[in-house]
Student: 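There's a structure below that I have some questions on.
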Amino acid sequence: MFRILNYLFALHLKRAMAKNLIIVESPAKAKTINKFLGDEFVVTSCYGHIRDLPDGGLNIDIENNYTPNYEVSEEKKDVIKELKKLAKGAKDIYLATDEDREGEAISWHLCDVLGLNPTNAKRITYTEVTEQAIKDAVSHPRTINMDLVNAQQARRVLDRLVGYEISPVLWRKVKPSLSAGRVQSVAVRLIVEREREIRGFKPVASYKIQAYFFVTDKNGKKSTFKAERPANFKTEAEAQKFLDELVNAEFKVSAIEKKPGKRTPAAPFTTSTLQQEASRKLGYSVSKTMLMAQKLYENGHITYMRTDSVHLSDTALDAMEKEIKSKYGKQFYQKRAFTNKNESAQEAHEAIRPSLIENSTVEAENDEVRLYELIWKRSIASQMADAEIEKTTIDIINDKNKETLRAQAEVILFEGFLKVYNESQDEEGDDEEKESQIPPVKEGQVLELKEMNATERFTKPLPRYTEASLVKKLEELGIGRPSTYAPTIGTIQKRNYVLKENREGTERKYKVMTLAGGKVTAHEEKENIGAEKNKLFPTDIGMLVTDFLVENFKDVLDYNFTADVELQFDKVADGKKVWTKMIDDFYKPFHQTVETTTKDAQRVSGERLLGTDPASGEPLIVRMGKFGPMAQIGKTEEGSEKKARYAKLRATQSLETITMEEALELFKLPRTLGQLDGKDIKASIGRFGPYVQQDKLFVSIPKDKDPYTITFEDALTLIRAKAEADANKVIHNFENEGIQVLNGRYGPYIKKGKDNYKIPKGTSPDHLTIEEIMMIIGEQGPTKKSFRGGGGKKFYAKKK
DNA sequence: CAGTGAGCGAGCTTCCGCTTGACTT
């Protein structure tokens with residue numbers, strides 16, 4: 001009774017003092033803003049876009065001036081319901097979605113759904129979530145900018161047209177279920193082209209001269225430092241001659257130069273730079289970085305994590321000044337304003353920074369804490385003084401030839417921002433470390449040579465992309481947005497165009513000649529090259545699709561395509577161009593290309609003839625098959641005994657590079673080792689590595705053995721051990737019902753066909769009857785298998 | 001979880017950009 005009265009009273013209150021409604025995109029942001037504004041405001045969120053083009057079909061009326069057919073998606077229906085309810089009792093409604101193209105469009109969709117008039121709706125914007133900024137925004141509402149909305153519609157429609165018209169061409173000409181798009185196809189192209197550069201790269205050798213000199217100080221203490229010949233010798237003979245000449249030479253310091261220098265801190269984080277640094281410093285994948293950042297954001301620890309802006313609010317700048325001055329002293333503070341280099345930036349938010357600058361760390365999961373501390377350091381460092389360094393260069397001459405050796409060192413005179421944070425670099429070019437310091441020497445001082453080496457060095461190809469360096473490249477090209485970098489990386493892996501892999505390196509020998517103790521000697525050393533960790537490799541299908549697209553859809557695959565259409569979108573946003581006209585200019589020729597390609601283009605299979613199989617005399621080819629790249633010997637001919645033999649390529653092999661020998665090796669498997677209980681025991685390599693098999697039982701072959709050489713006895717041992725383990729796995733087996741109770745990784749569970757069921761807590765699996773099991777199954781419904789983020793394993797087409 | 005690979009052609013697949021949720025062997 002009391003409760004009902006209470007409710008009625010609350011209802012009455014609500015009616016009596018109707019509040020203003022503010023709609024933002026993110027619920028966490030709604031929470032923050034709620035704190036800034038008084039009782040007369042209710043802040044809620046629409047969770048991003050509320051309407052979109054539905055999945056099945058284009059949903060663009062081409063005949064009717066490209067009219068989009070927007071729909072509220074299933075998962076947004078509840079959001080809309082709630083918004084309508086709140087809107088009904090509201091005094092004024094403020095549309096406070098992000099200040100960019102997409103945000104403007106969301107507000108426009110909101111008008112439509114909530115029955116507001118875009119020409120007098122209250123649209124407010126702000127680029128930082130601070131009390132002052134929000135209050136200013138609320139007192140200066142504007143109306144919906146339809147030009148900006150139309151630019152978004154153009155963007156949306158163009159992406160749908162490109163994606164949904166090109167993908168079906170791939171289904172017909174390459175393989176079903178493939179995809180193409182303005183962003184993903186260019187991302188794959190980058191990786192494919194880099195891979196080909198690396199494969200075609202011919203390392204060039206040269207000889208690097210490095211000398212080590214002794215210096216003895218006043219107290220008789222000896223130390224060494226390193227000097228180098230500025231340029232490498234091109235040939236071994238030249239290097240040899242150089243060392244020979246310098247046997248018994250006298251070395252002397254000819255010049256000492258000291259130059260001041262400085263280093264400047266990097267701008268605070270955007271999404272892209274955060275992903276890069278978290279990858280380099282913490283080893284996080286881009287998706288992990290975003291997941292951790294999302295949690296930090298939701299818990300109020302950091303500002304919004306999907307941003308392309310390096311701007312910091314005045315509130316934050318003040319707090320940073322205070323923090324730096326009190327923690328490090330005022331000589332470490334330097335106010336800086338950063339501006340975006342990136343033209344495609346839309347800057348609807350602040351840079352990524354701690355919400356409360358004074359918190360140098362937070363209470364959270366370990367991985368989140370590490371990311372937070374990185375963000376804190378980068379933010380703080382961005383407002384700190386330059387580091388002052390001194391570069392010392394020493395030239396060393398000799399009495400045998402006119403060559404100069406040079407020693408270089410850097411000393412930090414004032415740490416400045418380096419006290420807190422130093423940005424990491426991507427591995428590229430020379431990885432020689434710099435000397436930190438050279439012992440004090442005087443001009444004209446004679447130096448004692450410890451040893452001098454001429455080391456054979458090879459030029460290196462450009463590095464393969466990591467997830468993070470690919471994001472960096474995409475951002476430079478203006479392709480993709482902060483909210484899509486991580487999903488795009490996921491998409492191209494899920495489509496099996498690209499794999500993130502480790503590769504073992506190969507050994508390479510190099511020559512070293514040494515001058516020491518008055519004579520020159522030579523020896524060989526070994527280095528490991530080409531080892532890769534978490535790098536992006538294109539698959540065969542990725543390469544085939546890229547080649548097909550570059551050949552037939554050159555414009556869309558062009559690295560400047562996005563930049564070019566962005567210029568058009570800008571014209572629409574400025575009211576200088578009608579969006580449907582812009583789309584029409586693009587679509588007419590594009591659609592023509594789609595039609596002619598569908599009609600004329602050859603199917604692609606990447607077929608390559610490797611040679612003739614020595615055993616059968618039949619041709620050996622490799623090509624893309626229904627289930628991936630494969631090798632094939634001979635052809636199946638109707639009416640004859642001749643049958644083709646097939647073998648799947650290994651995950652590390654590629655249609656473009658596999659050799660005849662490697663392909664022949666594939667046909668040696670499966671090997672039949674012998675029989676057990678009248679069934680063959682075979683050894684082979686499958687999707688999950690090497691295995692032995694008897695009937696339906698598969699057992700992985702351990703690392704110390706391989707399927708080419710494993711013996712019958714060893715295979716038998718493996719199979720018997722596995723059979724015994726499996727026997728212990730079954731607790732009950734109800735064969736008639738097709739139901740089993742099994743011991744799994746997570747404890748006992750019920751299995752019926754392909755579905756699994758939990759055993760309720762407190763129930764012992766040992767005495768379960770079939771009736772009890774049927775009850776459990778009836779109540780539960782099968783446990784769902786995760787399809788999202790499942791590591792991209794579902795590459796194969798579903799069977800009906 | 002580890003077999004497969006003709007050609008015909010049911011009926012399916014696919015984009016980018018905004019947002020977070022849900023439960024599990």
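Per chain, numbering begins at 1; letters A, B, ... match sequence-line order.
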Student: Rounded off to whole Å, could you give me the CD-to-C1' distance for the A:Q294 and B:dA22 pair?
Tutor: 14 Å
Student: Please round to the nearest 0.5 Å and tell me the distance separating atom OG of A:S684 and atom CZ of A:F698.
Tutor: 9.5 Å
Student: On DNA chain B, check which nucleotide each of A:S684 and A:M305 is closest to and give me the residue with the more 5' one.
Tutor: A:S684
Student: What's the spacing between A:R182 CZ and A:L158 CG if we round to 0.5 Å?
Tutor: 7.0 Å
Student: Listing time: all N or O pairs from protein to nucleotides 7-12 of chain B that are below 3.5 Å?
Tutor:
none

Student: With a 4.0 Å cutoff (strictly under), does any side-chain N or O of A:Q632 reach OP1 or OP2 of B:dG5?
Tutor: no
Student: Identify the two heavy atoms, one from A:I50 and one from A:K76, that lie closest to each other, and give their separation to 0.1 Å.
Tutor: O-CB, 4.0 Å
Student: Atom CD1 of A:I479 to atom C1' of B:dC16: distance rounded to whole Å?
Tutor: 13 Å
Student: Any side-chain N or O of A:T484 under 4.0 Å from OP1/OP2 of B:dG17?
Tutor: yes
Student: Tell me the interatomic distance from A:K76, atom NZ, to B:dG21, atom P, rounded to whole angstroms.
Tutor: 12 Å
Student: Give the rounded distance in Å between these two atoms: OH of A:Y297 and P of B:dT20.
Tutor: 6 Å
Student: How are the rings of A:F590 and A:Y587 set to each other: parallel, tilted or perpendicular (split at 30° and 60°)?
Tutor: tilted
Student: In dot-bracket notation, what is the pairing pattern of DNA chain B, taking Watson-Crick (N1-N3 plus N6-O4 or O6-N4) and G-U wobble (N1-O2 and O6-N3) contacts under 3.5 Å, with [ ] crossing and | for other strands?
Tutor: .........................
Student: Can a side chain N or O of A:T97 be found less than 4.0 Å away from OP1 or OP2 on B:dC18?
Tutor: no
Student: Report which part of the nucleic acid A:L178 touches: base, sugar-phosphate, or nothing (heavy-atom distance under 4.0 Å, all strands).
Tutor: sugar-phosphate
Student: Under 4.0 Å, heavy atoms only, any strand: does A:A180 hit a base, just the sugar-phosphate, or nothing?
Tutor: sugar-phosphate
Student: With a cut-off of less than 4.0 Å, is there a side-chain N or O of A:S483 near OP1 or OP2 of B:dC18?
Tutor: yes
Student: Tell me whether the ring of A:Y47 lies stacked over the B:dT19 base, given a 5.5 Å limit on centroids and a 30° limit on the plane angle.
Tutor: no
Student: Rounded to the nearest angstrom, tell me the gap between atom CZ in A:R645 and atom C1' in B:dA6.
Tutor: 19 Å
Student: Show your reasoning for whether side chain to side chain contact (heavy atoms under 4.5 Å, CB included) applies to A:I144 and A:V149.
Tutor: CA-CA 8 Å; A:I144 303 282; A:V149 172; 3.7 Å; yes
Student: Which part of the nucleic acid, if any, lies within reach of A:G56 when heavy atoms closer than 4.0 Å are counted: base, sugar-phosphate only, or nothing?
Tutor: nothing
Student: Closer than 4.0 Å, any side-chain N/O of A:R481 to the OP1 or OP2 of B:dT19?
Tutor: no
Student: At 4.0 Å (heavy atoms only), tell me whether A:R101 reaches a base, stays on the sugar-phosphate, or touches nothing.
Tutor: nothing
Student: Checking side chain to side chain donor-acceptor pair (under 3.5 Å) between A:S26 and each of A:Y47, A:Y304, A:Y297, which is the one that passes?
Tutor: A:Y297
Student: If you look at every strand shown and take non-hydrogen atoms under 4.0 Å, does A:P27 touch a base, only sugar-phosphate, or nothing?
Tutor: sugar-phosphate
Student: Between A:V162 and A:M630, name the one whose nearest nucleotide on DNA chain B is closer to the 5' end.
Tutor: A:M630
Student: Suppose we call a contact any N or O donor and acceptor under 3.5 Å apart; does that hold for the side chain of A:D55 and the base of B:dC15?
Tutor: yes
Student: Tell me: CZ of A:R156 to C1' of B:dC15, nearest whole Å?
Tutor: 6 Å
Student: Do the side chains of A:R306 and A:H349 get nearer than 4.5 Å, heavy atoms only?
Tutor: no
Student: Just to confirm, is there a sub-4.0 Å distance from OP1 or OP2 of B:dC15 to any side-chain nitrogen or oxygen of A:R495?
Tutor: yes
Student: How is A:S179 classified with respect to the nucleic acid when contacts are heavy atoms under 4.0 Å: base, sugar-phosphate, or nothing?
Tutor: sugar-phosphate
Student: May I ask you to say what A:G103 touches in the nucleic acid, namely base, sugar-phosphate or nothing, with a heavy-atom cut-off under 4.0 Å?
Tutor: nothing
Student: How long is the line joining CG of A:L649 and P of B:dT4, in whole Å?
Tutor: 15 Å
Student: What nucleic acid atoms does A:Q152 come within less than 4.0 Å of, heavy atoms only: base, sugar-phosphate, or nothing?
Tutor: nothing
Student: Between A:E665 and A:Q653, do the side chains contain an N or O donor and an N or O acceptor separated by less than 3.5 Å?
Tutor: no
Student: Out of B:dC15, B:dC18, B:dT20, which has the shortest distance to the side chain of A:E102?
Tutor: B:dC18
Student: B:dC15 C1' sits how many Å from A:F586 CZ, rounded?
Tutor: 12 Å
Student: Which is it for A:K29 and A:D98 under the salt bridge (Lys or Arg N to Asp or Glu O under 4.0 Å) test, yes or no, and what are the steps along the way?
Tutor: CA-CA 11 Å; A:K29 192 192 263 181; A:D98 294 349; 3.0 Å; yes
Student: Under 4.0 Å: is that the gap between some side-chain N or O of A:Q184 and OP1 or OP2 of B:dC16?
Tutor: yes
Student: What's the shortest heavy-atom distance between A:P54 and A:N69, and which atoms?
Tutor: CD-O, 3.1 Å
Student: With a 4.0 Å cutoff (strictly under), does any side-chain N or O of A:Y691 reach OP1 or OP2 of B:dG3?
Tutor: yes
Student: Does B:dT19 have OP1 or OP2 sitting under 4.0 Å from an N or O in the side chain of A:Y304?
Tutor: yes
Student: Assess whether one donor atom and one acceptor atom, taken from the side chain of A:R155 and the base of B:dC16, lie less than 3.5 Å apart.
Tutor: yes
Student: Output all residues satisfying salt bridge (charged side-chain N to carboxylate O under 4.0 Å, His left out) with A:R101, sequence neighbours left out; order by chain, then residue number.
Tutor: A:E566
Student: Is A:R182 near enough to B:dG17 that one of its side-chain N or O atoms lies under 4.0 angstrom from OP1 or OP2?
Tutor: yes
Student: Under 4.0 Å between any heavy atoms, over every strand shown, what does A:G48 touch: base, sugar-phosphate, or nothing? Just pick one.
Tutor: base
Student: Could you label the plane-to-plane angle of the A:H49 and A:H109 rings as parallel, tilted or perpendicular, counting under 30° as parallel and over 60° as perpendicular?
Tutor: perpendicular
Student: If you measure from the P atom in B:dC18 to the same atom in B:dA22, how many Å do you get, rounded?
Tutor: 24 Å
